[in-house]
Amino acid sequence: MPELPEVETIVRGLRNQLTHLKFSKVAVNLEKCIQGSPRSFACFLEGKRILHVERRGKNIVIRLSGGHTLLIHLRMTGRLWVVPGDAPLEKHTHVVFSFQGRPWQLRFLDPRQFGRLTVEKSRAGAESAALAALGPEPLEISDRKFVSLVRSKRRSVKPLLLDQHFLAGVGNIYADEALHRAQIHPRQRVERLEGKIILRLFRALRQVLQEAIRAGGTSVRTFVDAHGSAGRFQKFLRVYGREGEACRTCGAAILREKVGGRSSYYCPRCQPIRRYKLKNQPREIVAIDPGN
DNA sequence: CTGCATGTTAGGTT
DNA sequence: CAACCTAACATGCA
């Protein structure tokens, strides 16, 4: 479900509601959702105050009093939503958070049970390992930084965009949409892309992410925001999920092909594989190691 | 019944 | 190391 724009939409919906509140009760119904001991997870949170709600990549980051952090990753089908405390428990509700002086609850539900909640206790000067391992935020880095990052890699472009260590927050939908806007084939090798095409990709990516945030995310399966509203960006998708339909640019039929193990939708006419001249390629081994 | 799914990671091989 | 592949996680849907 959630990529960067969907997580951003959820975070914005939760921020006003949760900031400054204190947890009163934390009930865990499915232990495997919690990293570490579910008992200590609940005990630790109860009484802690929420200072801020943020996003990093696809993670929801809840900053707590004492320098501690609650991290929530929704993976494929996780959902967070705010409901009255007396609302009936939806199927697959795995964690319920209650707050001092508030009649409603924050509930985590997830049919596929892939989502994870983690308490990171503060350690002097250290950001949590999970967040530290992420690549930079696509909406925060410079053109120059993106181009130089891409130039340090030798891979197909689509799996590179999906690699959270390379760049944080891009998933299957927005990778395909950005590649179509930039007219790049998902299997294109990045070492064969000219600088100006890499820049075009970055601009397309930023644009599609920003438009999707403005539209409240993409609801193609189950995505709804923290208050149950669907997103609107699915109406503007140009390739994702449109196999066999006409390209909105040229009319050719959209193809679907596995790239790096993921379904990839693209226009065969608008997104050709490019073969720019390779410059500064290491040609040969300079010194031969004699071994022993 | 089959195949597929907006994500991540462990454990391989090249 | 870097890149690449597959399976696994568990459920619902077409």
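As the structure is a prediction and not an experimental result, all values here were calculated from the model. Just so it is clear, the values below take in all heavy atoms, side chains as well, and ignore hydrogens, waters and symmetry mates.
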Nucleotide opposite dA10(C) in a Watson-Crick or G-U pair, distances under 3.5 Å: none

More than 12 heavy atoms from other groups under 6.0 Å of CD on Glu31(A): no

Separation of Ser263(A) OG from Arg256(A) CZ (nearest 0.5 Å): 4.0 Å

For atom CG of Leu117(A) and atom P of dT8(B), their distance in whole Å: 15 Å

Pi stacking test for Phe114(A) and dG7(B): under 5.5 Å apart, planes under 30°: yes

Nearest-Å distance for atom pair CG/C1', residues Leu162(A) and dC5(C): 15 Å

Length of the CG-C1' vector between Leu4(A) and dG7(B), whole Å: 14 Å

Length of the line joining Arg187(A):CZ and dA3(C):C1', which is rounded to integer Å: 15 Å

Side chain of Ser263(A) (C-beta onward), nearest among dT11(C), dC4(B), dG7(B): dC4(B)

Contact under 4.0 Å: Gln113(A) side-chain N or O vs dT11(C) OP1/OP2: yes

Touch class at under 4.0 angstrom, heavy-atom based, for Tyr174(A) against every strand present: nothing

Atom-pair distance (CZ on Phe166(A); C1' on dA2(C)), nearest Å: 14 Å

Nearest listed nucleotide, side chain of Met76(A), among dC4(B), dG7(B), dC4(C): dG7(B)

Phosphate OP1/OP2 of dA2(C) contacted by Lys153(A) side-chain N/O (<4.0 Å): no

Atom pair distance, as rounded to whole Å: CG in Asp110(A) and P in dT8(B): 13 Å

Presence of Lys32(A) side-chain N/O under 4.0 Å of dA10(C) phosphate oxygens OP1/OP2: yes

Pairwise C1' distance for dA8(C) and dC1(B), with rounding to whole Å: 22 Å

Spacing between Arg151(A) atom CZ and dA2(C) atom P, to the nearest angstrom: 20 Å

side-chain N/O Arg155(A) vs dC5(C) OP1/OP2, d < 4.0 Å: no

Under 4.0 angstrom between Lys258(A) side-chain N/O and dC4(C) OP1 or OP2: no

Distance in Å, Glu46(A) CD paired with Ser24(A) OG, rounded so as to fall on 0.5 Å steps: 7.5 Å

For Pro2(A), the option from Thr77(A), Leu80(A), Leu74(A), Thr9(A) that meets side chain to side chain contact (heavy atoms under 4.5 Å, CB included): Leu74(A)

dT8(B) to dG12(C) separation - P atoms, rounded to the nearest Å: 22 Å

Distance test, side-chain N/O of Arg262(A) to OP1/OP2 of dG7(B), below 4.0 Å: yes

Atom pair distance, as rounded to whole Å: CZ in Arg116(A) and C1' in dT8(B): 10 Å

Spacing of Glu3(A) atom CD and Asn172(A) atom CG [to the nearest 0.5 Å]: 7.0 Å

Residues His92(A) and Gln113(A): side-chain donor-acceptor under 3.5 angstrom: no

His92(A) vs dT11(C): side-chain N/O to OP1/OP2 distance below 4.0 Å: no

Short side-chain N/O contact to dT11(C) OP1/OP2 from Arg79(A), under 4.0 Å: no

Phosphate contact (dT11(C) OP1 or OP2) by Lys91(A) side-chain N/O below 4.0 Å: no

Sugar-phosphate only, base, or nothing, as touched by Gly261(A) at under 4.0 Å among non-hydrogen atoms: nothing

Touch class at under 4.0 angstrom, heavy-atom based, for Arg112(A) against every strand present: base

